[in-house]
Amino acid sequence: MGEKSAQNLVTAIGKARTTTFSRFIYALGIRNVGFHISRILEQAFHGNIHKFMKADFDKLEAIDEIGPIVARTIVQFWNDESNRSVVESCLSGWLDLGYAEIQSKQPLSGKTFVFTGTLKNLTRSKARDMVLALGGRTAGSVSKNTNYVVSGPGAGSKAEKAQDLGVSILTEAEFLSLLQGLN
């Protein structure tokens, strides 16, 4: 291996040592814990893995969107000593979760967004990430609990249902302006 290739490998390993709480939890493969739930857990435990590891069933179930099945599988995961050992090994040896405290009250906390139609400047994935980063939630369908529907060209039944329910409908530009105003 040449010197440049070796340096590139060392640099890549260095970058892989730093990740976020939610990505690490998702990567653990805890049954019933997908990326969305891992983001919720990140907010609930303010990015502190040790608090998360110690959480009992009642504390987990009290978190919005965490039901008894998910709470039970998380508790079972942490009750397995081999799982705890692997995580402790990662944390003590090479992994940096950053431990940046997450604001307990984020600007979009408690707000739910639904995207419909075509977005011209953003992918839906990027738009969802922007909402999640500010503490909001995204959903795939419109309900009375939806706060905003971001509608682009080709929007169909979701936009109609939002109108019927009196949900605020934003264009992509209005959505971006709303987010810009929060920063």
Side-chain angles (χ1 to χ4, degrees), residues 8 11-12 15-47 49 52 60-71 73-74 96-183:
N8 288 343
T11 301
K15 286 180 183 176
R17 289 179 176 207
T18 303
T19 190
T20 63
F21 176 97
S22 58
R23 289 187 189 277
F24 182 65
I25 296 306
Y26 177 66
L28 289 175
I30 301 171
R31 198 177 54 193
N32 301 315
V33 177
F35 192 67
H36 176 71
I37 294 295
S38 68
R39 298 283 301 255
I40 290 168
L41 294 168
E42 180 176 51
Q43 289 178 327
F45 293 100
H46 305 288
I49 188 85
F52 175 54
L60 290 164
E61 192 180 31
I63 299 168
D64 188 33
E65 294 192 54
I66 305 293
I69 293 171
V70 173
T73 59
I74 292 170
D96 176 18
L97 293 181
Y99 290 116
E101 288 289 314
I102 296 173
Q103 296 174 347
S104 59
K105 187 68 175 166
Q106 294 181 309
L108 294 180
S109 182
K111 304 292 185 201
T112 301
F113 287 76
V114 172
F115 297 93
T116 185
T118 304
L119 301 179
K120 293 181 180 180
N121 299 308
L122 299 170
T123 64
R124 286 204 186 180
S125 176
K126 176 67 175 163
R128 286 184 189 114
D129 287 348
M130 293 167 77
V131 168
L132 293 172
L134 294 170
R137 291 185 287 217
T138 62
S141 60
V142 178
S143 73
K144 64 180 181 161
N145 297 322
T146 304
N147 299 96
Y148 299 99
V149 171
V150 180
S151 180
S157 63
K158 290 179 187 177
E160 292 171 13
K161 186 168 183 179
Q163 272 186 324
D164 293 344
L165 293 173
V167 173
S168 296
I169 301 174
L170 305 174
T171 65
E172 182 179 2
E174 291 169 331
F175 169 70
L176 291 170
S177 179
L178 172 73
L179 297 188
Q180 187 72 16
L182 298 174
N183 291 330

To the nearest 0.5 Å, tell me how far [X] [atom1] sits from [Y] [atom2].
X	Y	atom1	atom2	result
I169	E160	CD1	CD	9.5 Å
K158	T146	NZ	OG1	10.0 Å
L41	I30	CG	CD1	7.5 Å
I49	L28	CD1	CG	6.5 Å
L134	K111	CG	NZ	13.0 Å
L122	F175	CG	CZ	6.5 Å

Residues two or more places apart in sequence or in another chain: which of them pass ring pair (Phe, Tyr, Trp, His ring centres under 6.0 Å) with Y26?
->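 Applying ring pair (Phe, Tyr, Trp, His ring centres under 6.0 Å) to Y26 gives F35.
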Exceeds 12 heavy-atom contacts within 6.0 angstrom, atom CD1 of I69 =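 Incorrect, the count does not exceed 12.
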Which pair of heavy atoms, one from [X] and one from [Y], lies closest together, and at what distance?
X	Y	result
T112	T138	CG2-C, 4.4 Å
S143	L165	C-CD1, 3.6 Å
I63	A44	CD1-CB, 3.6 Å
S22	R39	OG-CD, 3.5 Å
V142	V167	CG1-CG2, 4.4 Å
L119	A127	CD1-CB, 4.0 Å

Taking C-beta and beyond as the side chain, do N147 and L108 meet within less than 4.5 Å on heavy atoms?
->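 No, every pair of side-chain atoms sits at 4.5 Å or beyond.
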Decide yes or no for Y148 and V131: does some side-chain heavy atom of the first lie under 4.5 Å from some side-chain heavy atom of the second?
->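 In short, these two side chains do not touch, never coming nearer than 4.5 Å.
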Taking only residues at least two apart or on different chains, which pairs with a member in residues 119-138 satisfy salt bridge (Lys or Arg N to Asp or Glu O under 4.0 Å)?
->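 As it turns out, the salt bridge (Lys or Arg N to Asp or Glu O under 4.0 Å) pairs with a partner in residues 119-138, which skip direct neighbours, are D64-R137, E65-R137.
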Where the side chain of T73 meets the backbone of R31, is there a donor-acceptor pair that is under 3.5 Å apart?
->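 Confirmed, T73 side chain pairs with R31 backbone.
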Please determine which of I74, I40, I66 meets the side-chain contact (heavy atoms from CB on, under 4.5 Å) test together with V33.
->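 Option passing the side-chain contact (heavy atoms from CB on, under 4.5 Å) with V33: I74.
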Which is it for E42 and I25 under the side chain to side chain contact (heavy atoms under 4.5 Å, CB included) test, yes or no, and what are the steps along the way?
-> CA-CA 9 Å; E42 180 176 51; I25 296 306; over 6 Å; no
Derivation and outcome, side chain to side chain contact (heavy atoms under 4.5 Å, CB included), residues T116 and V149 | CA-CA 7 Å; T116 185; V149 171; 3.7 Å; yes
